[in-house]
Amino acid sequence: MAGESTESLLSNSDIIVALIGAGSSLFAAAVGAYFGAKLAFSYSAKARAQEEEDRRSAAANRAIFTLIQQLNLMANIKKQSLDKFRDSPGRHIFMLPTRPIARPDLRLTFDSLDFVLNTPFATTLFEMMLADSWFHNALEAVGDRFQVHKEKFQPVVEAASAPVGNLTEEQFLTGVEMRVGSKLMTELRMTTDTLYTFIDKGIEKHTKISLRFSQEMKSLMPKRKFLHGGIDPAYFKPDTDDEKD
């Protein structure tokens, strides 16, 4: 009996030890699985955050690049067409019409920039969208003036005899107006002044907003690089004699 009790006690002890060992293994596996899942989730969350920042910084740079392209197109119109006649009372007559320009590819997309609404810079986003609309209105102004000058004014001038003689600019302009009529002359003057306003104000708006948005995005995402630029320096160079001709 004593031998059987001893064997039974040993068997029970072995079972207890085995259970403890099995429990320890299960506990260790559970702990490992828990922390493994936690690390995996943490890594996944970090990866998702990284991807989202990639998307946002890319969208911001595309927007800045679009604004800079719009800015330089307006600067080109200013240099090639507007600056030469800016101070002339007869600029509406002397400035040749610029052919209409359509750039549907140069548009900001609100959906890709909507993340800005949840930042302190939401107002900047709205100003950018307004600047984008202003640019396309400026291109429409180019087309409006082309239509009036090319299709309305020039045929009338060609059909009428031009003022001749040793005339001052004011006398010449008065003579032209007498021949084409005050209504058409007023329309031509208004479309010309509108074009100057859209281009000049557009350049000012785009220069400020593109730089400000770049700086604001840098403050949101300090580790990212953002475009910053302005008007091509070539647009500030005076025309050469060849260019004027």
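The chain is numbered in sequence order, starting from 1. Model, not experiment: these values are computed from the prediction.
No donor-acceptor distance shorter than 3.5 angstrom exists from the side chain of Ser214 to the backbone of Leu211, with no hydrogens or angles considered. Here the side chain of Thr191 pairs a donor or acceptor atom with the backbone of Glu187 at under 3.5 angstrom. Of the possible polar contacts, none joining the Lys78 side chain to the Leu82 backbone as a donor-acceptor pair under 3.5 Å is found. Of the possible polar contacts, one joining the Arg91 side chain to the Arg86 backbone as a donor-acceptor pair under 3.5 Å is found. Judged purely by atom type and a 3.5 angstrom limit, Ser210 has no side-chain atom pairing as donor or acceptor with the backbone of Leu67. His136 contributes a side-chain N or O that, together with a main-chain N or O of Leu106, makes up a donor-acceptor pair within less than 3.5 Å. The backbone N or O of Met129 sits less than 3.5 Å from a side-chain atom of Ser133, completing a donor-acceptor pair.
Applying the 4.5 Å side-chain rule to ILVMFWY residues, one finds Phe198 in the same cluster as Trp134.
With a 4.5 Å cut-off on side-chain heavy atoms, Leu139 and Arg103 count as touching. Residues Asp54 and Arg224 have side chains in contact (heavy-atom distance under 4.5 Å, counting atoms from C-beta outward). Here the side chains of Phe85 and Thr192 are not in contact, with every heavy-atom distance at 4.5 Å or above. Residues Arg189 and Glu177 form a side-chain contact, since some pair of their non-hydrogen atoms from C-beta on lies under 4.5 Å apart. In this structure, the side chains of His228 and Gln215 stay at 4.5 Å or more apart for every pair of heavy atoms. You'll find the side chain of Val156 reaches within 4.5 Å of the side chain of Leu184, heavy atoms only. Considering only heavy atoms from C-beta on, Phe153 stays 4.5 Å or farther from Pro97 through its side chain. Phe213 is not listed as a side-chain neighbour of Lys208, based on a closest heavy-atom distance of 4.5 Å or more.
For Phe65, the CZ atom sits in a loose shell: 12 or fewer heavy atoms of surrounding residues, nucleotides or ligands are nearer than 6.0 Å. Crowding of Asp105 atom CG: a count of heavy atoms from other residues, nucleotides or ligands under 6.0 Å exceeding 12.
Not a single salt bridge (Lys or Arg N to Asp or Glu O under 4.0 Å) links Asp114 to another residue, sequence neighbours left out.
Because its NZ or CZ atom is not both nearer than 6.0 Å to the ring centre of Phe135 and within 45° of the ring axis, Arg107 does not count as a cation-pi partner of that residue.
Counting all heavy atoms, side chain and backbone alike, Leu195 lies closest to Ala138 at CD1-O, 4.1 Å. Among all heavy-atom pairs drawn from Ser112 and Ala59, the shortest one is O-CB, 3.4 Å.
For the side-chain hydrogen bond (donor to acceptor under 3.5 Å, both in side chains) condition, the pairs that include at least one residue of residues 58-75, sequence neighbours left out, are Gln70-Asp132, Gln70-His206.
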query: Hey, mind stepping through Arg56 and Met217 against side-chain contact (heavy atoms from CB on, under 4.5 Å) and telling me if it holds?
result: CA-CA 9 Å; Arg56 292 182 175 188; Met217 291 300 97; over 6 Å; no
- request: Please test Arg145 against Lys150 for side-chain contact (heavy atoms from CB on, under 4.5 Å), starting from the C-alpha separation and ending with a verdict.
  value: CA-CA 8 Å; Arg145 184 180 184 277; Lys150 183 74 174 179; over 6 Å; no
field: From CA spacing to verdict: side-chain contact (heavy atoms from CB on, under 4.5 Å), Asn76, Asp232
entry: CA-CA 9 Å; Asn76 184 43; Asp232 187 326; over 6 Å; no
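Under the 3.5 Å distance criterion, with hydrogens and angles disregarded, a donor-acceptor pair is assigned to the side chains of Thr124 and Arg212.
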